[in-house]
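Lettering of chains follows the sequences in order, A, B, ..., and the numbering in each one begins at 1.
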Protein chains: 2
Amino acid sequence: MTPSQGSPRNPTPDRSSDERPRLREVAEAAGVSVITASRCLSNPDRVSEKTRTRVLKVAAELGYIPNRVASGLVSSRTMVIGVVVPTIANPIHSVLLEAFNAQIETQGYRTLLATTSYDAAKEADAVRTLLAYKVDALALAGKVQSADAVRLLSVARVPVVEMFELHDAPVDLNVGLSNFDAGAALARYLLTRGRRAIAYITHSGIDDSRMAARFAGFQETAGAQPDVRLMEFTDSAPPGRLRESAISAILSRFPDVDAIVCSGHQAAVSAIRILTDQGIDIPGRIAVSGFGDSPASCWVRPSLTTVAYPMAEIGAAAGKMLLARLGGEPLPKTQVDLGFEIIERTST
Amino acid sequence: MTPSQGSPRNPTPDRSSDERPRLREVAEAAGVSVITASRCLSNPDRVSEKTRTRVLKVAAELGYIPNRVASGLVSSRTMVIGVVVPTIANPIHSVLLEAFNAQIETQGYRTLLATTSYDAAKEADAVRTLLAYKVDALALAGKVQSADAVRLLSVARVPVVEMFELHDAPVDLNVGLSNFDAGAALARYLLTRGRRAIAYITHSGIDDSRMAARFAGFQETAGAQPDVRLMEFTDSAPPGRLRESAISAILSRFPDVDAIVCSGHQAAVSAIRILTDQGIDIPGRIAVSGFGDSPASCWVRPSLTTVAYPMAEIGAAAGKMLLARLGGEPLPKTQVDLGFEIIERTST
DNA sequence: CTGTTAGCGCGTTCAA
DNA sequence: TTGAACGCGCTAACAG
């Protein structure tokens with residue numbers, strides 16, 4: 001019983017009880033070649049309307065879902081962008097990530113995530129894995145820390161954007177602000193208001209150049225005033241948290257302290273709570289301020305004076321810059337400063 | 001000048017100035033076949049130590065990074081898990097995501113992200129795209145909303161976990177808590193404390209079964225008390241935000257209100273601020289409470305009585321369950337209740 | 001322990 | 001506008 005239509009040279013292999021249709025099944029059902037079916041889905045213009053509608057109809061009926069792994073392999077465009085953040089739980093990063101992701105989703109890209117826990121070795125690892133997935137671009141929160149990661153990124157032929165921190169030697173694109181300047185600005189602000197005995201709380205055990213830059217800027221400005229005493233205190237809690245013991249240490253070792261600056265986000269809000277619970281007058285005896293704004297900063301009483309960062313704008317701008325690069329559009333600037341703003345509230 | 005070693009049958013194509021070495025180059029440089037090189041990297045046990053060390057050394061020297069797109073295509077294991085959340089910016093989801101991601105990263109899996117903005121149509125779209133990427137598993141925040149998504153998930157041959165909300169007909173795995181019970185528990189709590197005129201604020205324009213379940217539970221319990229008046233107010237702000245107008249509406253249309261419940265996270269904290277700014281006594285005149293705990297809940301004054309959800313535990317448990325499935329281990333239970341807790345503070 | 005053969009599902013490159 | 005051939009880079013299945 002030879003089929004009168006001629007036996008196909010490439011008979012469909014047996015896929016009984018297998019999952020989803022592939023493009024080939026769609027093409028066969030629509031009576032076109034695989035490539036025509038492919039074009040109907042990705043280059044609709046290059047196909048006559050008649051075949052296009054027929055193929056699309058068949059594809060819908062069969063519940064066809066394209067295999068992006070296969071198309072990624074052959075076209076070397078995966079439509080995936082890798083994102084590296086220290087942690088998602090920190091609101092500053094989740095806001096950044098949300099804005100970035102929303103931006104790239106508009107063009108059909110998806111975010112492949114990797115976290116570093118503020119660890120430079122894990123950062124290099126994250127970059128390596130994301131590159132292994134052949135991401136079309138890469139976005140990183142903060143200046144790239146590890147030399148390995150820098151090396152990997154510079155030989156990789158993908159656009160890279162470092163978000164949040166502006167610095168001198170970006171791998172490629174760079175959008176954010178100068179944490180050094182932010183630190184300096186906050187120092188000036190406190191000095192102008194007469195504060196002279198300043199405790200500055202940083203966090204230990206993490207690779208975070210933003211924190212270091214903030215302190216450097218603060219130190220430089222504060223150090224220029226001869227009558228200012230600046231003491232750095234290190235807390236081992238993760239950024240965003242603060243141990244009561246850190247505050248106790250300050251009060252005992254620096255009794256005439258008149259200002260506390262917290263480098264970690266949210267840490268300043270904790271500091272306000274701890275100090276007010278001890279009956280210490282803010283800002284009468286001690287002014288408190290920090291970096292990074294959040295709803296909690298204005299809810300807390302006294303409300304927090306802080307250096308606000310435009311994280312959502314940074315994420316969106318980073319997404320747009322990458323999309324422009326991926327679309328082959330020229331970029332007017334590869335480094336964009338979105339600045340910061342000191343929000344004066346009642347804690348200083 | 002014929003090479004004396006014999007011309008290879010598969011000469012390496014010209015890749016001058018091309019990016020990274022492929023497995024083939026590594027194999028050639030190490031003098032083994034491609035498959036042996038492959039095994040050195042993924043099945044080290046099936047290769048003699050001598051060749052293994054040689055190949056690994058060569059791979060490191062050449063800076064070889066495996067192409068996971070190719071290996072995903074051929075092995076149908078991508079080592080990627082798709083995650084669907086309404087939004088990342090909401091802390092409740094970012095904590096969930098962080099814990100989930102940390103869990104799966106321990107086994108080398110990566111998170112491919114998609115957001116829905118609380119839109120059922122976007123949810124189906126998100127699921128479709130993630131399936132197109134051939135994710136090895138899928139995790140979704142909340143009960144799957146759209147029928148399309150349910151259909152896609154049930155024919156897909158991948159493990160699925162619905163996180164956060166427990167319900168009757170999970171697609172596959174399910175870990176979280178009953179938002180219905182949480183609503184009921186909060187109602188009982190408020191009734192026990194004598195509240196009888198309750199305004200309940202929900203958010204409009206979003207597809208969120210959790211919010212609906214909470215209200216249903218609350219309503220059922222409160223409705224059982226004949227002397228209780230429960231009024232639902234709808235705010236068009238996104239969950240987590242709250243317009244002042246919502247509070248004004250309550251005060252004018254429900255003047256003897258003695259309790260306000262906010263369904264959205266953080267919304268209750270906003271409510272406290274708005275009410276205290278208007279000089280209204282909390283909890284003297286009005287008790288305020290909500291769902292979802294956060295640092296802000298204890299920082300605000302009066303501090304917020306709220307139903308706390310163990311989001312980090314849920315994310316971690318969901319990750320572990322998926323990993324077990326992917327590892328072929330049997331799961332004792334496919335539905336896990338992690339419960340909730342009413343944290344009593346000073347706002348009630 | 002190592003190699004050979006085959007092909008994952010699709011898009012590129014040509015030609016018709 | 002449509003199609004045939006080819007191969008992306010890697011691993012599964014078998015053989016040696």
Q) Is there a donor on the side chain of A:R39 or the base of D:dG3 sitting less than 3.5 Å from an acceptor on the other? A) yes
Separation of D:dG9 atom C1' from A:Y133 atom OH, nearest Å, is 15 Å
Would you indicate, yes or no, if D:dC10 has its OP1 or OP2 atom less than 4.0 angstrom from a side-chain nitrogen or oxygen of B:S71? no
Of C:dG11, C:dG9, D:dT2, the nucleotide closest to the side chain of A:V47 is D:dT2
note: A:L73, atom CG; D:dC8, atom C1'; distance rounded to Å ~ 4 Å
If only side-chain N and O atoms count, and only distance matters, is there a donor-acceptor pair under 3.5 Å linking A:E98 with B:T115?
no
Separation of C:dG9 atom C1' from A:I65 atom CD1, nearest Å, is 14 Å
- Describe the nucleic acid contact of B:L23 in one word from base, sugar-phosphate, nothing, applying a heavy-atom distance below 4.0 Å. sugar-phosphate
Only one of A:N90, A:V95, A:L97 passes side-chain contact (heavy atoms from CB on, under 4.5 Å) with A:H93, and that residue is A:N90
Rounded to whole Å, the CZ-P distance (A:R68 to C:dC10) equals 12 Å
Taking only N and O in the side chain of A:Y64, is any of them less than 4.0 Å away from OP1 or OP2 of C:dC10? yes
Taking atom types as modelled, find out whether B:Q335 and B:N174 have a side-chain donor-acceptor pair closer than 3.5 angstrom.
yes
Exercise for review: Give A:T51 one of three labels, base, sugar-phosphate or nothing, depending on what nucleic acid heavy atoms sit under 4.0 Å from its own.
Suggested key: sugar-phosphate
B:R46 atom CZ is separated from C:dT2 atom P, nearest whole Å, by 12 Å
Between B:T36 and A:V74, whichever has its closest DNA chain C nucleotide further toward 5' is B:T36
Between CD of B:E49 and C1' of C:dT2 the distance, given in whole Å, is 17 Å
Sorted by position of nearest nucleotide on DNA chain D, 5' first, the leading residue of B:S38 and A:I35 is A:I35
- Query: Looking only at side chains, do B:T129 and A:R110 share a donor and an acceptor under 3.5 Å apart?
  - Reply: yes
From the candidates C:dC10, C:dT2, D:dT11, the one with an atom nearest any side-chain atom of B:S75 is D:dT11
note: A:D45, atom CG; D:dT2, atom P; distance rounded to Å ~ 13 Å
Here the distance between atom P of D:dC10 and atom CZ of B:R24, to the nearest Å, is 11 Å
Closest to the side chain of A:S33, out of C:dC1, D:dG3, C:dG9, is D:dG3
Determine whether B:P44 and B:R39 make a side-chain contact, defined as any pair of heavy atoms from C-beta on separated by less than 4.5 Å. no
